[in-house]
Structures are given as C-alpha cells and as structure tokens.
Amino acid sequence: MGLTGLAIFKLLPKTNCKECGVPTCMAFAMALAAGKATLDQCPYVSDEAKEALESATAPPIKLVKAGSGDKVLEMGDEQVIFRHDKTFYHPTGIFIEVADDSNVEAKVEEINGIVFERVGQRYEIDGVAIVNASGNADTFKNAVAAAAAKTGKVLLLVSEDPAAIEAAAAGVAERKPILYAANGDNYEKMVEIAKKINAPLVVKGKDLSDLADLVGKIVGLGYKELILDSGERETSKVLADLTQIRRQAIKKRFRPFGYPTIAFTTEEDPYLEALQAQVYVSKYASVVVMKTTELASLLTLFSWRDNIYTDPQKPIAVQPGVYAIGDVTPDSPVYITTNFSLTFYTVQTEIEATKLPSYLIAFDTEGLSVLTAWAGGKFIGENIGPWLKDSDLNQKVSHKKLIIPGGVAAIKGKIEELSGWEVIVGPREANGIGTFAKLKLGA
Amino acid sequence: MPAEILKEKFTGRVQEVVLGATKDEGGTRAYTVKLGGSSTLPFLQFEGDIPNRPVIAFEIWDIKPDWHECFAEYYSDVWEDPVAWAKKAEELGADVIYLKLRGADPELENSKSPDECAKVVKAVLENTGAPLMVEGPGNPDKDNEVLQAVAEAAAGENIAIGLAEKDNYRGIAAAAMMGKHCIIARSPVDINILKQLNLMITEMGVAPEKIINDPLTGGLGYGIEYSYSIMERARWGALIGDKMMAFPVVCLAGPEAWRAKEANAPLEDAGPGWGEQKPRGIMWEAMTAAALLQAGGDLVLMRHPEAAKLLKKHIESLMVPNVY
Ligand code: B12
Ligand code: SF4
C-alpha cells in the first residue's frame, strides 16, 4: 500500500543472501510491494527499516479489537472518507453507560434485553461502559465485576484514575475490555496497565494537537492498541474533530490519527441524544457511548448504522428462488417479489404474519427493489413470464395463480400472456398483505 | 507533534436561493428564507461559511390526508381546511409551508380543478406570512395545468413549484418563469439525471437562483443510504465548481419516513423490540431528516410537529461554530 518496490528496496540490506526465498533483495522488494510476501521473511531488516516499512504499508487506520468470544468488536481499518468511494467496513459500536454507584446488575440486565429485529437483521447493544462515578476504586472494581458476570458484551472501563482501572481491569483481563482513558498526566501508568493485558486504550487529548502529541508519546512507549478521543463534547465540534482525524489519517497518512475513534453523547433528551449519536455514526466514530435506553432512540440509530455501513456498490440480496413459508401444500398461494433483501424480508415478514402457508418467489433483480427493478427493466412480464412458465412451481402447486405487488400492476398482462398463469394484483405496500390475505385468500 | 488542520480548498459554493417575497419585494410574505449558499461540507464551518442554516418546511395538504391516526392529535381540527392548517403549521414553528395539492389527483372522485387549486393557494397566502412551496398532485398533465394556475395566482410571492421531472419539466419551468417563482427539480436518486435536468431547465431560461433540487429521498431503512450518497456526491461536485450540481437540496423526509412499517405499526404488529408506535414514528421521521442533513440537505420537509421540534434543536447544536 503506497510504497513502490524501489522505495522498499532502498530499506533492505541489499546483500542478496536469498534467505527470504527469492534470489535478490530487489525481487523480495517487488514481492512485498505486490503484497505477495511479508517482512518477517527477511531476517536481516534493521529495526528502523522495519518501522518505516510497517508504517508505510500499514492500513491508514489501524484495526483494533476489543471483547472476547462471539462479542468481539472490530474498530477502525477504514479506507475512505465518503462511502460512495468504497464502503465503510466496521460499524460503529454502540455502548451504554452504567454508573458504578447505581444498581449495575439491573441496568446491565436492561441493556441485555434491548434486542431489535427488522428486515432479517438482529441488532443488540455492543457494549457496556462502566463509569467510575463514585470516584472509589473498590466500588468501581465491584461494579465492573458485576457487569462482567451479567453480560458477554464488550466492556469499557471509564476512569482516569489508573489505580481504579488497574484493579478493575485485572478481574476482566480475558474479556479484553477497552480502558478509558490515558491523558497527559496518567498515560505512562495507563500504558503499563493496558500492555499487561493487551487491552485497547483510549487516548484522551485536550484538543487535536494535544491528542497527536499524546499518541506520539504512547507509541514511543511501544503501545499501539489505541482509540482516540479529542476531548471535545459539543456536537458540531466533535463532528469537526472526527472529520479531521479521519481525513488526516486517510489523506495525509498522519500516523498519530491512524486509529479508531470514540465519541460520547451529551444531550439530556433521549431523542436528541439519538440524533446527536447519528452525527457520530455518520461521520466516522468507531464507538459511541450513550446514556439512553429508550427503544425508539436506539432502534432508529441502529437502523441508520445499518444503512450507512452497507456497501453502496452492491445492494444486499437474497438468493433468488422459490421460498416456502410454513407447511406449504399444492393449494398454497404464490407471491412474487424481488431478491433485494430489504424488499424480500419486508414481504416475507408480512406473509408469515398471515399464518397461511405460502410460496414466495425471490425473483432475480440483481438486488433491486420492486419499482427500481421495474423501471430498470428487470422485474417485468418479459422476464417473469418465461421464468414462471418453466419453473418447478408448476409441479408444486395445482392452481397457477400468482400474486404480484400492487406497485407494478402494469406487468400483469404480459406475465399472463407469457406464462399461462393468472395474475392477481396484490396491495401496493407489503403491510397490506395481511388484510389482502384475509379478504382474498381466506387466511 | 502539533496537528495541522486539514482544510479542503473549495472553489465552488452551493447556489443561494431565496424563497418568498416581502412587501418591498413585490409580495406579501412576512419574511423570506434563504436556502443553500454554503462553501463547505455540511456543518464544517472550519473550512468555509454556512450563511444559512437548514430550513424546516411543514407538509400540509389541500384535502384531509390519509396519515397515521397519531396526527389527529395535532391536526384533526384543521386538516379539512388548508388555510387553518397552514396557520397551525406556522404556530408550530414552520419556516416554510409546503402545500401538497393531493386533491387535484385526477384519480380522485372530486378532483380539484386548477382554478380551485389556485384559490386554495391564494387563500393560504392571504392568511399566512411564511414562504410557500407547492407540489402538484403527481400526475404529469394535471401537474402542468395546476401549477400554471397556481403560479399565476401567486405572482409576485416567489413561491416554489414542483416537482419537475426529466419527462415533465417544460410546463412547470415555463409557469415558474412566468410568475417569477422557484422550481423544484426532481431526479430519481441519480446524479447524472440530476445534472442533466438542471442543465435542461437552465437552458430553458430559468435563472440559477430559482432552482431547487429534490434528489429523491428514501426513508430510514428504505433506501435512504442511496439518497445520502447521491447528495454527498452532488455537494462535493458543487464545492469543486460544478454549477449544475450546486443547487440547494430539499429532502422530503416526512412523507418518506411515514411510508415505513416501523413508523406506523402499533405495538401489537410491531417487530421484536420496537416499542410503542408514538415515539417510534416521531423518531423514524426525525432520524431520517437528521441523517439527510449530514449529506447536505438545505431544506427538510417534516410531517410530525414533534419530529420537527427535535430537528430544530438538533440543527442549533450543529450550527455552533466549529472554527479552529
Ligand atoms: C433506493 C432507490 C434506488 C437505488 C436502488 C436500490 C435498490 N437496491 O433497489 C438506485 C439508486 C440504484 C436506484 C436506481 C434507479 N431508480 Co430508484 N429508487 C430508489 C428509492 C429511493 C427507494 C427504493 C426502495 O428501496 N424501496 C424500498 C423497498 C422495500 O420497496 P419495494 O421493493 O417497492 O417493496 C415495497 C412494495 O413494493 C411492496 N412489495 C414488494 N414486493 C411485494 C410483493 C407482493 C406480492 C406485494 C403484495 C407487495 C410487495 O412492499 C414493499 C414495502 O412496502 C425509490 C423511491 C422511493 N422513495 O421509494 C426510487 C425509485 C424506485 N427509483 C426509480 C427510478 C426511475 C430509478 C432508475 C430507473 C433511475 C435512472 N437511473 O434512470 C434507476 C434504475 C436502476 C437500474 N440499474 O436499473 C423510480 C421508479 C419510478 C417508477 N414508478 O417507474 C422511483 C420510485 C423514484 C421515483 N419516484 O422516480 N433507485
Ligand atoms: S533475506 Fe533479506 S537480505 Fe536476504 S535476499 Fe532476502 S531481502 Fe535480501
């Protein structure tokens, strides 16, 4: 990434000893540049060369992981500033705060219970941030232990007192918690603690310059499992800082900013808080720490996160084909929709709710919605008709009746002509399927 | 190691468009509203100026709307009467009134004539002070007739009329020019069509300071990410100097958000974990709108007064200066 073979060659020993498995240092340099070799294959690179090569070939934003088991959260390793350039890879982790002097178990239980399902996706809170509100190290340690016992989610330990962090972290080391935070006064001690358990450490600056400075010092101590907090808390200023950090990491390869980021909400109103968190999800935060457990706030925030982190170049699609919903029989109705996963799951959920076993065709539209595919010529009688005529549905059902979405009533005639099936125009929106099935299909 | 602030050097800026005309300007509006004008990405005041904050328009209809029952609490006393409704929208904090002439849909039984529509518009203008936007029924032929009549009736008021689309912009553009109004040009989530349509409208003689774009908004969870990226690309285009991408952007957030099941479903029909409909519907709309602001929305159309209220506060927090 970035470096040419020639630039790499200049940093190699140039002895052509062949121990790396290729005949010359030059050949090895070319292989490195092409990503076909790794630096550790050469035993003789100097430490300085290693450092220079590693930082030049490292991704612009380091991948940092927290948590354990099936709850590992991956942060960073993003490549672009705008999702239309490529995609955003690692969805923002959404954490909820719990004060150490509150009823920790009850709160964590509540957080565990927040689970949403929509369009085939399941969302849950990614992590719990235990805050040392008491200022007491023992209280903190007990609260962290209590939270850890109650949840497998990623833990974020919030205290700028190294003694409190050390005591609490020791008990949950194998959980790989995130430690918050190293500042100008405590960083040496914090780095020591983080190193011991190899946990990601948040670096909290007073502003961007202070942050860069502090990261430089911590990297100097040999620790790189870092997450950045510029210290700013006002929405518009956090937006500016997060933008700067992302831009400088990607466009300038400014190493001190090449790490994931964390942001904290401050709005008191749970709905405004969700809108504030939305800004940070949209603009580059790897973790957002919130206070609210209000369902409407979190459901909408997760939905937005899901949207912004989908790959803009390929719509999420389901496998095209015929899906049986429930215990189908030859009398079961047959519906058709597209294989765009949003469309498919929306329709599938509604058909399921009719309790009437049915077939649902996910017609191959290359992942486009009904109207988009229709406008693009991919969900029209000319394609559906011939497909249906040859489909094994002809053997599976005895009736030859197809229900189509109301938005594309115009394709009825052509399908009938080309397939020999009768077409019934269904409701426009999927949420009309329940009533439709009751009235027309006797569900 | 001091962090140097990285600023993009933009040469372009979003076109500024004024909506409404006061007495001095030949109209009767109590105030005007300015859209666009930014020379930077959304809310990044550190590298450019944002002369105008995003504007909130309230959606009203000329007939009783088929909206979710939760709107009755706010509008049932006014929604049979567009004038009363418009006044209520002003009271509730609308910067702009967005009147949708659904009643002129030719498929309706008592479809309103262009004349009747013009009368509604006139009455709304006579009884309110906010700048006005008017959307036709969405049928190409009828849109042309209706908006022509509306443009005449509102002459001097500098309203906005739409939606002009690629296959149906001439009549609407002519009406806008004749009445010295603004035009809302819609493209179907497509950056090339957006440019092309702007070009065609400009070539017809519509002045740049009279053009507003609707790049078509998907609701949260229903295609919004496509709209978001098209808007980001258009804004970038505007800032690097492409004038045909530089028109202020309206996002019809309210109507799109309220198409979603998540906004409407009562608790009994809701998905796992969704909670009560009331806050969910409000937040579905507010989140849709707020997300689109991050992509460069200059005006958002809102339906629920509570969602609009949240958005207004949210915009205030985003407009706090962030110059380094
Ligand atoms: C996002 C989007 C896109 C995305 C595509 C996303 C995707 N994966 O499909 C992009 C940007 C690529 C796109 C492109 C185009 N788009 Co487009 N797009 C949209 C947008 C904003 C949302 C679509 C969406 O995701 N809807 C959500 C899904 C769930 O809806 P749905 O599939 O229709 O399903 C619903 C119902 O149909 C029903 N239903 C579905 N299946 C079934 C089955 C049965 C049996 C029943 C009863 C009901 C039912 O239930 C669902 C929920 O209610 C809409 C406008 C809008 N706000 O809706 C325009 C829209 C669909 N696009 C449109 C157009 C014209 C295009 C283009 C042709 C534009 C162009 N470039 O020329 C292209 C064509 C693309 C191509 N390559 O062929 C038009 C179509 C107009 C028309 N009626 O002909 C729309 C309506 C916008 C407009 N008003 O102009 N688009
Ligand atoms: S092992 Fe190192 S020094 Fe030896 S040839 Fe390969 S690159 Fe050159």
Side-chain angles (χ1 to χ4, degrees), chain A residues 82-84 114-119 123 207-209 211-213 215-216 234-237 239-240 243-244 247-248 251-252 254 256-257 267 269 271-272 274-276 278-279 282-283 294-297 299-301 303-304 306-308 310 312 342 346 349-350 353 369 372 375 429-431 434, chain B residues 1-6 8 41-46 188-189 220-226 228-230 232-233 236 259 261-262 264-265 269 271-276 278-284 286-291 293-295 306-307 310-311 313-314 317-324:
Chain A
F82 295 106
R83 61 188 287 285
H84 55 80
I114 302 175
V115 177
F116 306 106
E117 281 175 42
R118 60 174 293 274
V119 294
Y123 312 134
D207 55 34
L208 288 179
S209 286
L211 179 64
D213 199 44
V215 171
E234 254 189 294
T235 314
S236 69
K237 296 180 180 166
L239 169 65
T243 305
Q244 280 298 326
R247 266 193 198 170
Q248 299 201 20
K251 296 187 94 163
K252 291 267 161 180
F254 182 60
F257 287 172
E267 293 284 2
D269 175 285
Y271 304 120
L272 284 175
L275 300 185
Q276 183 185 28
Q278 167 275 134
V279 175
S282 305
K283 302 290 165 74
E294 173 69 28
L295 295 180
S297 294
L299 173 69
T300 51
L301 185 64
S303 302
W304 174 239
D306 210 38
N307 285 160
I308 193 114
T310 55
L342 172 62
T346 308
T349 311
E350 296 297 337
S369 77
T372 314
E429 303 287 347
N431 61 17
Chain B
M1 202 174 316
E4 261 175 62
I5 298 305
L6 183 55
E8 299 287 352
L41 293 167
F43 309 108
L44 300 187
Q45 300 177 57
F46 65 78
V189 227
L220 177 62
Y222 291 85
I224 190 175
E225 69 274 30
Y226 294 92
Y228 184 91
S229 284
I230 293 291
E232 280 202 312
R233 285 173 62 189
W236 186 265
R259 288 173 57 187
K261 174 173 184 175
E262 289 84 343
N264 290 287
D269 300 338
W274 293 8
E276 298 288 344
K278 189 174 174 171
R280 175 161 31 88
I282 293 169
M283 276 308 286
W284 206 262
M287 189 61 80
T288 300
L293 288 181
Q294 286 302 319
E306 298 298 330
L310 287 169
L311 197 70
K313 289 207 183 117
H314 179 60
S317 72
L318 287 163
M319 289 301 292
V320 171
N322 55 17
V323 178
Y324 287 102

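Keep in mind that the numbers below use all heavy atoms, side chains included, and drop hydrogens, waters and symmetry copies. Letters A, B, ... mirror the listed sequences (proteins, then strands); counts begin at 1. Since the model is a prediction, treat every value here as computed from it, not as a measurement.
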For A/L208 and A/F257 the tightest heavy-atom approach is O-CZ, 3.6 Å
Answer with side chain, backbone, both or neither: which region of A/D269 has an atom nearer than 4.5 Å to a non-hydrogen atom of chain B? side chain
Identify which part of A/T372 has an atom lying under 4.5 Å from any heavy atom of chain B, answering side chain, backbone, both or neither. neither
Which one of A/A296, A/A375, A/A430 has the most heavy-atom pairs closer than 4.5 Å to chain B? A/A296
Specify which of A/E234, A/K283, A/E429 makes the most heavy-atom pairs with chain B at under 4.5 Å. A/K283
Relative to chain A, which of B/P321, B/S229, B/G223 shows the most heavy atom pairs under 4.5 Å? B/S229
Options B/K261, B/R280, B/R233, B/K278, ranked by heavy-atom pairs under 4.5 Å with chain A, top entry: B/R233
Looking at A/V279, A/D306, A/N431, which has the largest count of heavy-atom pairs under 4.5 Å with chain B? A/V279
Inter-residue atom distance A/L272.CG - A/S297.OG, 0.5 Å rounding: 9.0 Å
Region of B/I5 in contact with chain A, defined by heavy-atom distances below 4.5 Å: both
May I ask you to name which of A/K251, A/K252, A/Q278, A/K237 has the most heavy-atom pairs under 4.5 Å with chain B? A/Q278
For A/T243, is it the side chain, the backbone, both, or neither that has a heavy atom closer than 4.5 Å to a heavy atom of chain B? side chain
Counting only non-hydrogen atoms closer than 4.5 Å, does B/F43 touch chain A with its backbone (N, CA, C, O), its side chain (CB onward), both, or neither? both
Under 3.5 Å, side chain of A/S236 to main-chain N/O of B/M319, donor-acceptor pair present? no
Please flag which part of A/L342 lies under 4.5 Å from any non-hydrogen atom of chain B: side chain, backbone, both or neither. side chain
Contact class of B/L41 relative to chain A, heavy atoms under 4.5 angstrom: side chain
Rounded to the nearest 0.5 Å, what separates atom NE2 in B/H314 from atom OG1 in A/T235? 7.5 Å
Approximate separation, where rounding is to 0.5 Å, of B/W284 CH2 and A/S303 OG: 3.5 Å
Structural part of B/E262 lying under 4.5 Å from a heavy atom of chain A: side chain
Do B/Q294 and B/L318 have side-chain heavy atoms sitting under 4.5 Å apart? yes
Taking every non-hydrogen pair under 4.5 Å, which of A/L275, A/L295, A/L301 racks up the most with chain B? A/L275
Mind checking the CG-CE spacing from A/N307 to B/M287? Nearest 0.5 Å is all I need. 10.5 Å
Report, as yes or no, whether the 6.0 Å neighbourhood of atom CD on B/E8 holds more than 12 heavy atoms from other residues, nucleotides or ligands. yes
For this output row, return yes or no: ring centroids of A/F82 and B/W236 closer than 6.0 angstrom. yes
When the 4.5 angstrom heavy-atom criterion is applied to B/Y324 and chain A, the contacting part is side chain
Does a donor on one side chain sit under 3.5 Å from an acceptor on the other, for A/W304 and A/S282? yes
A/R118 side chain to A/Y123 side chain, donor-acceptor N/O pair below 3.5 angstrom: yes
A/Q244, part contacting chain B, at a heavy-atom distance under 4.5 Å: side chain
Please flag which part of A/T310 lies under 4.5 Å from any non-hydrogen atom of chain B: side chain, backbone, both or neither. side chain
Assert top hit (heavy-atom pairs under 4.5 Å, partner chain B, pool A/H84, A/Q248, A/E294, A/Q276) equals A/H84
With heavy-atom distances below 4.5 Å as the criterion, would you say the side chains of B/P279 and A/Y271 are in contact? yes
